[in-house]
Amino acid sequence: MKKTYTLLIALLITGLGFSQADPGHIIFNTDSSTANDLVSDDTGGNFREERGANELIFLKLRASTSSNSYTTDFYFNDNASLGFDFGYDAGLFGATPSFALYSNLVEDNLGDDISLQAVNTSDLADVTFPIGLNASSGTLVTFEISSSTLPASINVYLDDTVANTSTLLNSSNYSFTPTTTLFGTGRFFLRMAAPSVTYTYNGSWSPSDPNGVAAAGDNIVIASGDATIITDTNCNTVTVNPGASITIDLGAALTITNGLMLESNSTSYSSLIRNGSIVGTLNYERHVNINGSGTTGSNDLVSAPLTGQTFNAFAAANPNILNNGTSYLFGPFSKGTGSYVTYESTETATLDPGVGYRAASDDNGTFTFTGIDNIGSVFNDISNSGPNNAEWNLIGNPYPSYLNVQNFLSHDVGGAKNIELFDASTAAIYGYDGSALNGWTIYNLANTTASTVIAPGQGFFVSADATNAPLYDLEFTPAMRSIATGTPALDDDFIVGRVGACVDGLTYFTLEASTTNDSYSTQVYFNGISDLGFNFGLDAELFNNPSFVLYSELVDLDPGDPTQIALQSINLTDLANTTIPLGLRANQGEQITFTLTDLCLPVSTEVFLDDTVAMTTTLLNTTDYVFTPSTAIDGTGRFFLRVFDATLSTTENKLDTLSIFALNSEKQIVVKGQLQDNTVLSLYDIQGREVLTTQLDNSSLDNRIDVSELSAGVYVVNVQNNEQQKSQKVIIK
């Protein structure tokens, strides 16, 4: 090949002799021969091209020391290629000197040293030449552009792979001193590129739409809003900021040289919905709650928005997973043990779609997931089995997008809906909110709308019905994928810190009981389909039973119904006048405060808290209720919520006219007055424990209940029907 290149030289003119150390050699061949004149440049022996009518496009790269300099040439035309082109490329003349500069072919490189290399004009904005340099150690060498007719828009970089630097030669030279003798190619590369364009989406594109236009060196940033790639598009990187989303349309291909990054923070998550194709690496920086205690930090439940990584590779890429060097606070929930798994650093299990993991960071930062974006259906075989927590299964959103809750719950798996695979009393999604005090956010059909979503990478618990779950697999489908709603309070994960806001279309309130160290909440929702009894998929029981807890009891409780309700649904018609029993577990001597933390009711609706022991009534719309129990409390009977709306009510509380007293001579409790249907008397001791309950006879004006088996003491009588309630303290002697 060396002889071939030499034969291609049509004419060699030397300004100062035949020394290869002299940069004055000018090669004329098919590429460089034009009607242009050769004129001397300011160095006294070199030549530069004066562009004439034919407008040659070239660049001359020079390397120089204090005593030597050498130039190699690059020409661009419409006939050359990246490989060897007869009549266009030319090798070095004679033996390669001790100080020399040259290039190798971009393609089909056989190691021949090229003095003049020609490539096609179409490659002008995206080509990299291997550069060879022969130089002695300890000698300062400077690279510079000696002359050029490249368009002003083309950037020329010299990349030094040893020093790991990249120098824009258009504006500055590159100087270095080799520590060893240099010979050949491999260290230096001359890279030409058009200036990259950053296309930014903020509801519209700026500076223009990159669809089908962006080049391989350009970058795309989705800063906010929902961007769509509608046609084949190339780019260098894609970055989707928290809260933004990108959709790849069916039939469109997005090719990314240096990867797509989906970002998130503690309150906002980015989303990817792919219906077309993506070529390139996908990464999701998923926020993970910090390990700790109190209301702001205590682990997290996550899922893998991108899957296929082995855990040991994932752990190596994310040193901020809380760990002790060998054990990592990251792992699934084992049905075999009924407890969480803690992965070791050597664990090679893959992060699979639809699986939930307990996790914690040590910095409240993000974990980077790298892998496959799932675009198909994902199945999960939930089960009611195991030695502990048998009904509970930890699963998660399998997509790098939001997941529509109602689409998920209502999806038909071929004879049953997803929600029908759940245990009846807990037919809901239970999301851990990161608080060590009050741990679960519940989503079911009562408190979600058609736009309610779960964040990408979010894990959650669901229960499994012992009868239905073995017959079907739980299913996630691509139709459930969604973008964010645009409302921060609704697009967050389950971790506490959401900005409270009433949700359009929902009527509800949240009641919180709190002490200095603990808090717990219960919710009541009003809709057009629930009744006062148990409503499947609309009422939900507590996830667990902690030492401090607040819950409600169904207004119309039947035998076999769940008794500790975390989320209760009631018909809108019952806003007029309904009494809801409350359950509380609390220690003696700790001050407790009842507060309405969310009040999303008509302005005319009032919520009262009745304390039947203290014989007080508090309007919670305007005032908290604070008390200190003199004995430990565990159960229902002492506290009742009364929801009343005078503008809706058509009944009077005739129970106020009842006379309730203890007839100790007969060991009886007497209820005198007119009763309505379904009136029940419940008797509670001073600790709030129910000791007796009985149906009263509404046809009688004088109901008497035998209490001869009860110990002497103070008791509370509660008389209640579907619309009315009255409490009375009595003393049994």
Side-chain angles (χ1 to χ4, degrees), residues 55 57 59 76 78 82 119-128 148-157 159 166 168-171 191-265 268-285 306 373 375 400-402 456 481-486 488 491:
E55 295 292 327
I57 302 174
L59 177 139
F76 299 84
D78 295 334
L82 296 175
V119 299
N120 199 279
T121 307
S122 62
D123 296 309
L124 179 61
D126 185 20
V127 64
T128 300
S148 171
T149 62
L150 299 183
S153 62
I154 300 300
N155 288 331
V156 181
Y157 299 91
D159 298 332
S166 183
L168 180 63
L169 294 179
N170 304 59
S171 56
R191 179 167 50 90
M192 299 182 186
S196 64
V197 177
T198 297
Y199 296 90
T200 302
Y201 189 84
N202 280 295
S204 61
W205 289 107
S206 175
S208 61
D209 189 335
N211 273 285
V213 175
D218 296 336
N219 302 301
I220 295 175
V221 176
I222 315 302
S224 64
D226 310 310
T228 303
I229 300 300
I230 61 175
T231 190
D232 292 355
T233 303
N234 298 325
C235 63
N236 179 44
T237 63
V238 175
T239 303
V240 187
N241 292 161
S245 73
I246 185 170
T247 298
I248 315 301
D249 272 358
L250 184 66
L254 178 63
T255 301
I256 315 163
T257 304
N258 286 303
L260 183 151
M261 178 62 76
L262 295 152
E263 297 179 335
S264 71
N265 55 39
S268 189
Y269 297 80
S270 58
S271 180
L272 164 66
I273 296 179
R274 177 171 69 87
N275 299 313
S277 63
I278 296 177
V279 178
T281 302
L282 304 182
N283 299 285
Y284 200 117
E285 291 181 339
L306 303 169
D373 60 322
I375 62 172
S401 67
Y402 282 85
R481 295 178 299 171
S482 176
I483 59 176
T485 67
D491 295 335

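A quick note: this is a predicted structure, and the numbers were derived from the prediction, not measured.
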field: Any side-chain donor near an acceptor of the partner, Asn211 and Thr231, under 3.5 Å
entry: no
statement: Output for pair (Thr121 OG1, Asp78 CG), nearest 0.5 Å, gives 4.5 Å
Asn236 versus Thr257, side-chain donor and acceptor atoms under 3.5 Å: no
task: Taking the side chain as every heavy atom from C-beta outward, state whether Pro151 and Leu124 have any atom pair closer than 4.5 Å.
output: yes
- prompt: Does Leu150 offer a backbone N or O that forms a donor-acceptor pair with the side chain of Ser148 under 3.5 Å?
  reply: yes
- request: List for me each residue that meets side-chain contact (heavy atoms from CB on, under 4.5 Å) alongside Ser206, sequence neighbours excluded, and say none if there are none.
  value: none
query: Which atoms form the tightest heavy-atom contact between Ser271 and Ile483, and what is the distance?
result: OG-CA, 4.3 Å
Name the atoms and distances for all side-chain donor-acceptor pairs under 3.5 Å in residues 240-254, with sequence neighbours left out.
residue: Asn241; atom: ND2; partner: Glu263; partner atom: OE1; Å: 2.9
residue: Ser245; atom: OG; partner: Asp226; partner atom: OD1; Å: 2.7

field: salt bridge (charged side-chain N to carboxylate O under 4.0 Å, His left out): pairs with one or both residues in residues 270-281, sequence neighbours excluded
entry: Arg274-Asp373
field: Approximate separation, where rounding is to 0.5 Å, of Ser482 OG and Ile273 CD1
entry: 6.5 Å
- request: Give a yes or no on whether Asp232 atom CG has more than 12 heavy-atom contacts from other residues, nucleotides or ligands under 6.0 Å away.
  value: yes
Contact summary for Ser196 and Gly217, nearest pair of heavy atoms: CB-O, 3.0 Å
message: So, using side-chain contact (heavy atoms from CB on, under 4.5 Å) as the criterion, who are the partners of Ala215 when residues are at least two apart?
response: Asp218
- request: Starting at CG of Leu272, measure out to CG of Leu282 and round the result to the nearest 0.5 Å.
  value: 6.5 Å
- request: Locate the shortest heavy-atom distance separating Ser166 from Asp159; write the atom from each residue and the value.
  value: OG-OD1, 2.6 Å
query: Does some side-chain heavy atom of Met192 sit less than 4.5 Å from a side-chain heavy atom of Phe76?
result: yes
field: side chain to side chain contact (heavy atoms under 4.5 Å, CB included) assessment of Asp123 paired with Leu82
entry: CA-CA 8 Å; Asp123 296 309; Leu82 296 175; 3.5 Å; yes
- prompt: Arg481 versus Pro400: any side-chain heavy-atom pair under 4.5 Å?
  reply: no
message: Using modelled atom types and a 3.5 Å cut-off, is there a donor and acceptor pairing between side-chain atoms of Asp126 and backbone atoms of Arg191?
response: no
task: Identify, with sequence neighbours excluded, every residue that meets ring-ring contact (aromatic ring centres under 6.0 Å, His included) alongside Tyr201.
output: Trp205
message: Are the side chains of Thr239 and Ile222 in contact, using a 4.5 Å heavy-atom criterion?
response: no
message: Just to verify, which of Leu262, Ile220, Thr233 counts as forming a side chain to side chain contact (heavy atoms under 4.5 Å, CB included) with Val238?
response: Ile220
field: Any Val279 side-chain heavy atom under 4.5 Å of Ile256 side chain
entry: no
message: Listing request: all ring-ring contact (aromatic ring centres under 6.0 Å, His included) pairs with a residue in residues 232-253, at least two apart in sequence or in separate chains.
response: none
- line: Rounded to the nearest 0.5 Å, the OG1 atom of Thr255 sits from the CG atom of Asn234 at a distance of 5.0 Å
message: For a quick test of reading the model, state the closest non-hydrogen atom pair linking Ser270 to Tyr284 and the distance between them.
response: O-OH, 2.6 Å
query: Just wondering, do Val213 and Tyr199 contact through their side chains at under 4.5 Å, heavy atoms?
result: yes
- prompt: Roughly how far apart are Thr237 OG1 and Asn283 CG, rounded to 0.5 Å?
  reply: 11.5 Å
query: Can you check whether Thr281 reaches Leu260 side chain to side chain, under 4.5 Å on heavy atoms?
result: no
